[in-house]
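Proteins get letters first, then strands, A, B, ... in listed order; numbering begins at 1 in each.
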Protein chains: 2
Amino acid sequence: MSKTTIRDVAKRAGVGVGTVSRVLNNSPAVSETTRGKVQSAIEALNFSPSLAARRLSRGKTMAIGVIVPFFTNPSVVRRLQGIVSVLSVSKYDLVLFDIEKVNQRDSFLRTIPQRKMADGLLLVSLTPTDADVEQFSLANVPTVLVDAYHPALNHVRVDNIAGGYQATKYLIELGHHKIGYISDYLDDPFNSPVRDRFTGYKQALAEAGIEFRAEYHCEDRHGRFQAQQMTHNLLTLPDPPTAIFAYSDTQAIGVIEAAQELGLSVPDDLSVIGFDNIEAAEYLHITTIRQALFESGVQGAELLLSLMQTPTSEPQEILLPTELIARHTTTQYINGTF
Amino acid sequence: MSKTTIRDVAKRAGVGVGTVSRVLNNSPAVSETTRGKVQSAIEALNFSPSLAARRLSRGKTMAIGVIVPFFTNPSVVRRLQGIVSVLSVSKYDLVLFDIEKVNQRDSFLRTIPQRKMADGLLLVSLTPTDADVEQFSLANVPTVLVDAYHPALNHVRVDNIAGGYQATKYLIELGHHKIGYISDYLDDPFNSPVRDRFTGYKQALAEAGIEFRAEYHCEDRHGRFQAQQMTHNLLTLPDPPTAIFAYSDTQAIGVIEAAQELGLSVPDDLSVIGFDNIEAAEYLHITTIRQALFESGVQGAELLLSLMQTPTSEPQEILLPTELIARHTTTQYINGTF
DNA sequence: CACCAAGATGGAACCGGTTCCAATTGGCGA
DNA sequence: TCGCCAATTGGAACCGGTTCCATCTTGGTG
């Protein structure tokens, strides 16, 4: 049983508790001989200090809270992997919170900073409301957003408007005029990228003089299956699109499955472009807009660690690049009549 | 700032600290009027209790430690998703530890239980040594292994020997005699499944009267790229195998890539079977042995929670089934001359 | 040889909850 | 009216570290 306390150690080593504490914390103000005595007492008693007591007396948790929505989403997982890679070699523990239901958002976003559960917070793919932000600053816990934006908070993200533009423009350059957009719900307040990419999509259309057609945009919950459904509807329209821009690679997979189901060939009958460049996109040779998912986690975690060391008054912003990766699901549009 | 303590609340409500504590913990021994006073004081002061203090005084952390090796491995992630799905609706926090380097294993496995960092422990895909197990029981922290085995510990796993047998037997039934096994290092003490599947592989061979050929077994670090390398070697042997059993789907993907690189068609020139049924296996139509990855996490977490409620003296064992999923990377062996 | 600063050390107070015991109050039966 | 018990309540002690201040050495200095 590790009921041994610092006082037991002190008694056994014949020193005061303060000295034991100093040894535990590598304070230089301990003579070598005393340090030795304490150390051997520690070993003899198989003592190791209670984290809880340490946290309380130091007023620090030595933990970083990571809040993630829909932990099953591959791009979220990839970002988290980046975060883990940084934190697992830091001295901080990583406490993971997964938000699956809407009502969890509020309670988490409010109670976690309040209760001083963590010395720092990382929000992944979660755009906080102004009210949330107020809670954060009230609690005075350093916070970094990864793949989300708020003017008052530090963040790491990509330019999603540019990314949406890039994807759509590529399809246009391939000769497509009838381009669908398959996405999550646009009005999800916590998901700003979905709106930004949509904006980029419309910008590219407008720039090319192509009129936006409302029936070419479908929205639903995120997921491969939902994307498949939506695509089915899109492709059975009287005048179906010849290319589809999917908000995510996961959805692009659903799009491709729907096309196959209808006997259409990708890319010959339908061009498909995704977004994220998750691993599966590589296996399946999906043309996509790459964003550095893992890297975003790394940078977010590093930014947070540095801010915990030395806070800045201005919110820090890191903008990562996006990059078009042309693979095998997109091709030149050949006019039906030729 | 949330510097407000329970004493401030007590003062403001005109009651004792004990009473405030009782209100916080929904003790029935508080009159409604007092409860009301305290509650409004709490709201007025925007008070929320310090987790650290609570942990110390209660002697419980309300956290569950999850120790995971190589968090980038998709099957590990999938199990973790199962764990998260259970814990995120429980009252416990999930503290995640990722072990990437060998020396981290020892320090984690030793210090985490010791320091009472968590009220319960979940080890994923990590077979502990006897010495580790002793530490666990010494610390008296309930522990459940997921995808690992030790006679003295609770665990959730599949029968990997049977799985390896199943995979190999299937290839044999398809007419293959020259069957390779691509795997992680067999002598990794923390990875027992790799040995078990190998055992199953050899059993199936033996049963069919096929002699085991050492040159048909390759081992390396886990990974798609390494698998690709190994397969390249295997396929350029003077007498190459006609089928390959890969320890994991990730490795199966590498195997397939190597075959394509050499201009061989899968499954016509080479049958490939994987293990795990990760999501990518579905996309890529890889024949595999399905094991319920997500489910294993769910069951492990549930078992742990129940053990934390009511400990059992005997270690609990949950055995999940494996299932062959025939897809498009395996086919009948057609004798070359035919 | 006296004096002082720097280096060690001991230990009380503290971090902010929980818990348990003693004290107070009110209701009710005898 | 009095005694007794149950329901409430107050608050000291405690959880196990850290920290700061007072105390005690020591070695160097004039």
**Message:** Between A/N46 and B/L138, is there a side-chain heavy-atom distance shorter than 4.5 Å?
**Reply:** yes

**Message:** Nearest whole Å is fine: how far is D/dC14 P from A/R7 CZ?
**Reply:** 11 Å

**Message:** Expressed as a whole number of angstroms, how long is the span from B/R54:CZ to D/dC14:P?
**Reply:** 22 Å

**Complete:** When rounded to whole Å, the CG to P distance for the pair B/D8 and C/dC15 reads 11 Å

**Prompt:** Using a cut-off of 4.0 Å on non-hydrogen atoms, how would the nucleic acid contact of B/V15 be classed: base, sugar-phosphate, or nothing?
**Reply:** sugar-phosphate

**Prompt:** Which part of the nucleic acid does B/V30 contact within heavy-atom distance under 4.0 Å: base, sugar-phosphate only, or nothing?
**Reply:** sugar-phosphate

**Request:** Indicate, with a heavy-atom threshold strictly under 4.0 Å, whether B/G59 touches base, sugar-phosphate, or nothing.
**Result:** nothing

**Prompt:** Once Watson-Crick and G-U wobble pairs under 3.5 Å are found, how is DNA chain C written in dot-bracket notation, 5' to 3', with | for any base paired to another strand?
**Reply:** ||||||||||||||||||||||||||||||

**Prompt:** Would you say B/R221 and B/F70 make side-chain contact, with heavy atoms under 4.5 Å?
**Reply:** no

**Request:** Please work out if B/S21 contacts a base, only the sugar-phosphate, or nothing of the nucleic acid, heavy-atom cut-off 4.0 Å.
**Result:** base

**Request:** Determine whether B/T61 and B/Y92 make a side-chain contact, defined as any pair of heavy atoms from C-beta on separated by less than 4.5 Å.
**Result:** no

**Item:** Separation of B/L305 CG from B/L303 CG (nearest 0.5 Å)
**Value:** 9.0 Å

**Asked** D/dT9 phosphate, OP1 or OP2: any side-chain N/O from B/T34 under 4.0 angstrom?
**Response** yes

**Prompt:** What's the CZ-C1' distance between B/R58 and C/dC20, to the nearest Å?
**Reply:** 16 Å

**Prompt:** Does B/V158 reach the side chain of B/L319, with side-chain heavy atoms less than 4.5 Å apart?
**Reply:** no

**Request:** Select base, sugar-phosphate, or nothing to describe what B/R22 touches, counting heavy atoms under 4.0 Å on all strands.
**Result:** base

**Message:** Any side-chain N or O of B/R55 below 4.0 angstrom from OP1/OP2 of C/dG17?
**Reply:** no

**Asked** Between B/V17 and B/R35, which has a closest nucleotide on DNA chain D that is more 5'?
**Response** B/R35

**Request:** Before accepting this row, confirm whether a basic side-chain N of the pair A/R157/A/E317 lies closer than 4.0 Å to the acidic partner's carboxylate O.
**Result:** yes

**Message:** Between C1' on D/dC15 and CG on A/L51, what's the gap in Å once rounded to a whole number?
**Reply:** 14 Å

**Prompt:** Roughly, in whole Å, what's the span from CD1 in A/I6 to C1' in D/dC14?
**Reply:** 16 Å

**Complete:** From the candidates C/dG17, D/dT9, C/dG10, the one with an atom nearest any side-chain atom of B/T19 is D/dT9

**Test: B/D147 and B/R79 ion pair at under 4.0 Å** = yes

**Prompt:** Once you round to the nearest 0.5 Å, how far does NZ of B/K11 lie from OG1 of B/T5?
**Reply:** 8.0 Å

**Request:** Please figure out whether A/P28 or A/A53 has its closest DNA chain C nucleotide nearer the 5' end.
**Result:** A/P28

**Request:** Using atom NZ of A/K116 as one end and atom P of C/dG17 as the other, report the distance to the nearest whole Å.
**Result:** 12 Å

**Prompt:** Hey, which of these two, B/A29 or B/L56, hits DNA chain D nearer its 5' end, going by closest nucleotide?
**Reply:** B/A29

**Request:** Take atom CG of A/N25 and atom C1' of D/dT19, then tell me their distance rounded to the nearest Å.
**Result:** 10 Å

